[in-house]
> 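Structure in structure tokens, see below.
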Amino acid sequence: MNRQKNLGKIWKGKAYSEGFLFNFPDQPRRFSKLLAAIDDAQKGQSTDLELKMLMPNQEFAFWNAAIKPIADTHNQLEGVLIQIMDSTSERNKLMQIQRENDRLRELALSPSHILRGPLSSMMGILELMDGSEMGKENLKLFRYLKPLAKELDSAIRQHSKKISTFI
């Protein structure tokens, strides 16, 4: 009983009681989905829906609602059962996790872009260098650079592919 009083205070500014007739003359658009689902329940149709409302503190609140017709043994409508659960906390946590996932995705992809630019430039310079003008020792070191740069490029590409399949 206490929960419907709290919900009434949140939604309407006054407590609801059992058997309360839902009527929102001041805010018909705000509760249009709920009122439509109640009308459907009076016609025998069950509905599950999520309600999202801007609250006076300028934050959104979320509720999951199940609206079901209640029939007697002769299948005559006796009433409508309305179950409402505040899912704001869970929804906010989910949105926070989604924002964190987006940030992680960005962080996971950025190293390959950051590293590939300079590496491509370095590989281009290595292609332009002429080994015949180098001393024996420098030529030996130079010959190590190309395979190492290609290996690094390959490792970055493989890492990028793994990350992109994960993301």
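For reference, positions follow the sequence shown, starting with 1.
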> How about Asn75: does its CG atom have over 12 heavy atoms from other parts shown lying under 6.0 Å from it?
no
> Any chain of hydrophobic side-chain contacts (each under 4.5 Å) joining Ile114 to Met123?
no
> Please, which pairs that meet side-chain hydrogen bond (donor to acceptor under 3.5 Å, both in side chains) have at least one residue in residues 91-102, sequence neighbours excluded?
Glu50-Arg91, Gln96-Glu100, Asp102-Arg105
> How long is the span from the CG atom in Asp153 to the CD atom in Glu151, to the nearest 0.5 Å?
11.0 Å
> Please report the interatomic distance NZ(Lys161) to CD1(Ile156), rounded to the nearest 0.5 Å.
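So the gap between those two atoms works out to 13.5 Å.
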> So, taking the atom named CE in Met53 and the one named CZ in Phe62, what distance separates them when rounded to the nearest 0.5 Å?
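The distance works out to 10.5 Å.
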> Tell me whether Lys146 at atom NZ has more than 12 heavy atoms from other residues, nucleotides or ligands lying less than 6.0 Å away.
yes
> Is atom CD of Glu78 surrounded by more than 12 heavy atoms (other residues, nucleotides or ligands) closer than 6.0 Å?
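Enclosed: over 12 neighbouring heavy atoms sit under 6.0 Å from CD of Glu78.
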> Look up atom CG in Leu119 and atom CG in Leu152, then write down how far apart they are to the nearest 0.5 Å.
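So the CG of Leu119 and the CG of Leu152 are separated by 5.0 Å.
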> Write down the atom of Pro69, the atom of Leu77, and the distance for their closest heavy-atom approach.
CB-CD1, 3.8 Å
> Does a side-chain heavy-atom distance below 4.5 Å link Ile125 with Met129?
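Yes - at least one pair of side-chain heavy atoms lies under 4.5 Å apart.
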> Yes or no on side chain to side chain contact (heavy atoms under 4.5 Å, CB included) for Arg143 and Leu139, after CA distance, side-chain angles and deciding distance?
CA-CA 6 Å; Arg143 287 189 177 139; Leu139 183 60; 3.4 Å; yes
> Establish whether Ile84 and Leu49 are linked, either directly or via other cluster members, by ILVMFWY side-chain heavy-atom contacts under 4.5 Å.
yes
> List the atom of Phe142, the atom of Leu126, and the distance in Å for their closest heavy-atom pair.
CZ-O, 3.5 Å
> Is there a continuous path of hydrophobic side-chain contacts, each under 4.5 Å between heavy atoms, that joins Leu145 to Met134?
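Yes; tracing contacts between hydrophobic side chains, which count when under 4.5 Å, links both residues.
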> Between Asp86 and Trp63, what is the shortest heavy-atom contact and its length?
CA-CD1, 3.3 Å
> Between Val80 and Ile67, what is the shortest heavy-atom contact and its length?
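Looks like CG1-CG2, 3.6 Å.
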> Considering only residues two or more places apart or on different chains, which pairs with a residue in residues 37-47 satisfy side-chain hydrogen bond (donor to acceptor under 3.5 Å, both in side chains)?
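Residue pairs with at least one partner in residues 37-47: there are none.
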> Mind checking the CG-CG spacing from Asn64 to Asp48? Nearest 0.5 Å is all I need.
8.5 Å
